[in-house]
Every structure is written in C-alpha cells, then in structure tokens.
Asks: 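The structure follows.
Along the sequence shown, residues carry numbers from 1.
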Amino acid sequence: MTTKPLACRDCHAVFDAAIQQCRVCGSSRLTEDWAGYVTIAHPEQSELAHSSNISDSGRYALKVR
C-alpha cells in the first residue's frame, strides 16, 4: 500500500516519505489533504517563488487544507 505524500500546512512543501517534521520550515503541521503542486528548481530566478515567499528549491503544494 502506498501512502499519499505529505504537505506542510505552513510552507506548503511536499514530501514523499512519512515524516514527523517539515524539512523546510520545521513545522509538525503536516497533512495528506492537499491538491496540485509546482516544482521550483531555481527559486532565486522564479517569479512564482518570489510571490509565494519560497526560498528553497523543491515541490510545493498549491492548495493545502
């Protein structure tokens, strides 16, 4: 059985593994209830990353409930 990736409710980072704490912001508020994601490769050059206050590369959920 595969588990759905988790998204952080604070910074929206998405992780494949079952973790207890967000690797980006350190929050423990993780959820499986999220929709859509974007991959940011170069946050310093991305307008989307800038407008979303994303400073680390990775996957980020578009909507987190």
Asks: Before giving the answer on side chain to side chain contact (heavy atoms under 4.5 Å, CB included), spell out for C11 and S27 the whole-Å C-alpha distance, their side-chain angles and the decisive distance to 0.1 Å.
Replies: CA-CA 8 Å; C11 72; S27 173; over 6 Å; no

Asks: Going through the checks in order, is the side chain to side chain contact (heavy atoms under 4.5 Å, CB included) test met by I54 and Y60?
Replies: CA-CA 9 Å; I54 296 172; Y60 293 86; 3.5 Å; yes

Asks: Out of curiosity, does F15 fall in the hydrophobic cluster containing V38 (side-chain heavy atoms, cut-off under 4.5 Å, transitive links)?
Replies: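 Same cluster: V38 reaches F15 through Ile, Leu, Val, Met, Phe, Trp or Tyr contacts under 4.5 Å.
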
Asks: Any donor-acceptor pair under 3.5 Å linking the side chain of K63 with the backbone of A35?
Replies: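 A pair under 3.5 Å: no.
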
Asks: Rounded to the nearest 0.5 Å, what separation is found between the NE2 atom of H12 and the OG1 atom of T31?
Replies: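 If I round to the nearest 0.5 Å, the distance is 10.5 Å.
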
Asks: Closest approach of A61 and V14, non-hydrogen atoms and distance?
Replies: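 Looking at all heavy atoms of both residues, the closest pair is N-CG2, 3.4 Å.
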
Asks: One pair to check against side chain to side chain contact (heavy atoms under 4.5 Å, CB included): L30 and C22. What are the steps and the verdict?
Replies: CA-CA 7 Å; L30 305 174; C22 176; 4.2 Å; yes

Asks: Can any side-chain N or O of R29 pair as donor or acceptor with the backbone N or O of C8 at less than 3.5 Å?
Replies: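 Not confirmed, R29 side chain does not pair with C8 backbone.
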
Asks: For residues 42-50, which side-chain donor-acceptor pairs fall under 3.5 Å, sequence neighbours excluded?
Replies:
| from | atom 1 | to | atom 2 | distance (Å) |
| --- | --- | --- | --- | --- |
| S46 | OG | L48 | N | 3.3 |
| S46 | OG | A49 | N | 3.0 |

Asks: Between D16 and R59, which heavy-atom pair has the shortest distance, and what is it?
Replies: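 For D16 and R59, the tightest heavy-atom pair comes out as OD1-NH2, 2.6 Å.
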
Asks: Is the backbone N or O of L6 less than 3.5 Å from a side-chain atom of E32, with the two atoms forming a donor-acceptor pair by type?
Replies: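 No, E32 side chain to L6 backbone: no donor-acceptor pair under 3.5 Å.
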
Asks: Can you list the steps and then say if L62 with W34 is a side chain to side chain contact (heavy atoms under 4.5 Å, CB included)?
Replies: CA-CA 8 Å; L62 298 175; W34 59 275; over 6 Å; no

Asks: What is the minimum heavy-atom distance between Q21 and I19, and which atoms define it?
Replies: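 Shortest heavy-atom separation between Q21 and I19 comes out as O-CD1, 3.2 Å.
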
Asks: Please tell me whether Y37 and I40 are part of a single hydrophobic cluster in this structure, the criterion being side-chain heavy atoms less than 4.5 Å apart.
Replies: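 In one cluster with Y37: I40, no.
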
Asks: If you take all heavy atoms of R65 and R9, which pair is closest and at what distance?
Replies: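 Minimum heavy-atom contact is O-NE, 3.1 Å.
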
